[in-house]
Amino acid sequence: MRSYYITTPIYYVNDVPHIGHAYTTLACDVLARFMRLDGAKVFFLTGTDEHGQKVEKSATAAGMTPQQFTDKVSANFRALGPALDFSNDDFIRTTEPRHVKASQAIWQAMAAAKTPLGNDNIYLDAYRGWYAVRDEAYYDESELSTGPDGKKRAPSGAEVEWVEEPSYFFRLSDWTQWLLDFYRDNPAAVGPQTRLNEVRSFVSQGLHDLSISRTTFGWGIKVPGDDKHVMYVWLDALTNYITAAGYPEIDGEKFKTFWPADLHMVGKDIVRFHTVYWPAFLAAAGLPTPKRVFAHGWWTIEGQKMSKSLGNAVEPLKLVEQYGLDQVRYFLMREVPFGQDGDFSRAAMIRRTNTDLANDLGNLSQRVLSFIAKNAGAAVPTPGDYVDADRTMLAATAGLLDAARSELEQQNFHKALEAIFATIADANRYVDGQAPWSLRKTDPARMATVLYVLVETLRRVGLVLQPFMPSTMAKLLDQLAVPPTARSFAAWDQSLVPGTALPPPSGLFPRYVEEPPASKV
RNA sequence: UGUGGAGUGGCGCAGCGGUCAGCGCAUCGGCCUCAUAAGCCGAGGGUCGCGGGUUCAAAUCCCGCCUCCGCAACCA
């Protein structure tokens, strides 16, 4: 049985969940559901990143211990799961004991091994640089400007000072060529293509060693053998992917089944961490590297960048409340080519809901099923011989699974949906072309054949759309009397049995009405 | 500045050397009446960023320019 391990990034608890978080996890959820239906053994992971100086400070500001603080905020992210029908198999928190253990283990594995050039992977030195206390950030010399008072300032205007602190370093510089070879030999390791280009160009410039410990704060995982240091948050964070797979038990069943991961889904802001540092860390520790990292784009809101100062972040739970869960899931996967930036607007959300879901799919289902309920004995009709139009229609739907599979292998969610909805449009044309309402009087046998072709079309559409809209498609399949045992892709060709009684149909997707009709007095 | 990408009907996109440059949405006209005022058919609408060049033929290749976006290290 094929295994499939897919991860979201772990979300930084200093944030409030917004549409971007929901988007990343949703994309993973669709893939996880698809793979499960397709017969794979799936492990779908998400979670929260809970260490670091910012968390420590936020906790203090909130009058809590860091642990209390992260317990509280982590729950906000966890709550996204049930609300959005996420089917993750695990939810990891970097403050859990299993993760502390794994992080220290990978550190030790890295420390015990040599770089491709024969040097120690980890060494102790000092981190030096221009530090802006106000920004809590280091700046490069080239970014600084000198003010009239002779003081150096960061681009933000904050004063900087020269700071040195002891730090362990990862000898990333020795991995430059190894990484370039890795990208050359594994072009599918980074997607979309444009991100791979960026990463290669970045690495080609040569890599500096990476500071991987801090001594200026304490909210982190202690460096093995040197309690004064905590691990750099990114080393800690990235390690979550192997923690959840059971690391350091590399001979365990779970690790052997699921590592290396099939896909790390990330936002475009964290590509470098996942495609440069992470493969290097893993290779340094003697572990296999993930098969693919895919970076999606950002959402703007009504044409504007999402930002804290604008306060325009869209809360996923409110979206679902307003437009409906599957409507939101559909919109996010359909509206924008996955990998590119896109815009979330109220008008676009309503347009997708009404044109694609209510008019095309929902109405197709309704017109077919209610016709059967009224004119065909409320049961799966019995088909006669097929004519060309029937065969064309059936062939179109039969091909949808392969089409969806190959698009999703490349994370082309929008194209998978485009293909499915093109067939839904075909089905509406087919209804008009065959006009069962006329056949009812002239040729009932022919009418039954047409209706059978249509319910079969709906069955397959319902099956293949399950990963995208699980609850509504369950409803559709219920209305088609498809038994729960016949809803995986293994049942793709398991046609409906003529004569099976069908329950009374009800609408799948209500139209979104902008304003309730004014009640005239 | 370097590097990668993008500029195509009102909007969002596809096409990437050769049928009158397509598709979705929106607009307008018609048909049907099974259906969620849904469905179907048709129409209008584009100097394919600008200027050169290559070619029998360019949105599609080459050169230059303009505009926009990503990346250019410790920022989750």
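Chain letters run A, B, ... following the sequence lines, proteins first and then strands; every chain starts at 1.
- If you check the side chains of A:His274 and A:Tyr241, you find a donor sitting under 3.5 Å from an acceptor.
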At under 4.0 Å between heavy atoms, which parts of nucleotides 28-35 of chain B does protein reach? Answer with one letter per nucleotide, 5' to 3': B base, S sugar-phosphate only, - none. ----SSBB

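- Taking atom CG of residue A:Leu361 and atom C1' of nucleotide B:G24, one finds them 17 Å apart after rounding to whole Å.
- For the pair A:Asn359 CG and B:U36 C1', the computed distance is 8 Å after rounding to whole Å.
- If you measure from atom CZ of A:Arg351 to atom P of B:A38, you get 15 Å, rounded to the nearest angstrom.
- Within 4.0 Å of A:Arg511, counting heavy atoms only, lies at least one base atom of the nucleic acid.
- Look at B:G70: its Watson-Crick or wobble partner, with both distances under 3.5 angstrom, is B:U3.
- For the pair A:Arg329 and A:Phe468, the minimum side-chain heavy-atom distance is 4.5 Å or more.
- Atom CG of A:Asp326 is separated from atom OG1 of A:Thr353 by 10.5 Å, given to the nearest 0.5 angstrom.
- Of the two residues near RNA chain B, A:Tyr127 and A:Arg195, the one whose nearest nucleotide lies more 5' is A:Arg195.
- The CZ atom of A:Arg346 sits 21 Å away from the P atom of B:C25 (whole-angstrom rounding).
- When Watson-Crick and G-U wobble pairs are counted only if both distances are under 3.5 Å, B:A57 pairs with no nucleotide at all.
- Looking at the side chain of A:Phe509, the nearest of the listed nucleotides B:C40, B:G70, B:U36 is B:U36.
- Under the salt bridge (Lys or Arg N to Asp or Glu O under 4.0 Å) criterion, A:Asp125 pairs with A:Arg128, sequence neighbours left out.
- Residue A:Lys54 has its side chain nearest to B:C75 when only B:C75, B:C25, B:G39 are considered.
- If you take CD of A:Gln434 and C1' of B:C41, they are 16 Å apart, rounded to a whole angstrom.
- In this structure, A:Trp298 places its CH2 atom 10 Å from P of B:C71, rounding to the nearest Å.
- Using Watson-Crick or G-U wobble geometry with both donor-acceptor distances under 3.5 Å, B:C16 finds no partner in any strand shown.
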List the steps and the verdict of side-chain hydrogen bond (donor to acceptor under 3.5 Å, both in side chains) for A:Arg352 and A:Tyr512. CA-CA 10 Å; A:Arg352 286 288 177 199; A:Tyr512 187 93; over 6 Å; no

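- If you look at A:His414 and A:Phe338, their ring centroids are not closer than 6.0 Å.
- A cation-pi contact, defined as under 6.0 Å to the ring centre and within 45° of the axis, links A:Arg214 to A:Tyr127.
- No donor-acceptor pair closer than 3.5 Å links the side chain of A:Thr95 to the backbone N or O of A:Thr70.
- Ring centers of A:Tyr168 and A:Trp107: under 6.0 Å apart, within the cut-off.
- With a 3.5 Å ceiling on both atom-pair distances, B:A21 lacks any Watson-Crick or G-U wobble partner.
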One character per nucleotide, please: for nucleotides 3-13 of chain B, 5' to 3', B when the base has a protein heavy atom closer than 4.0 Å, S when only the sugar-phosphate does, - otherwise. -S---------

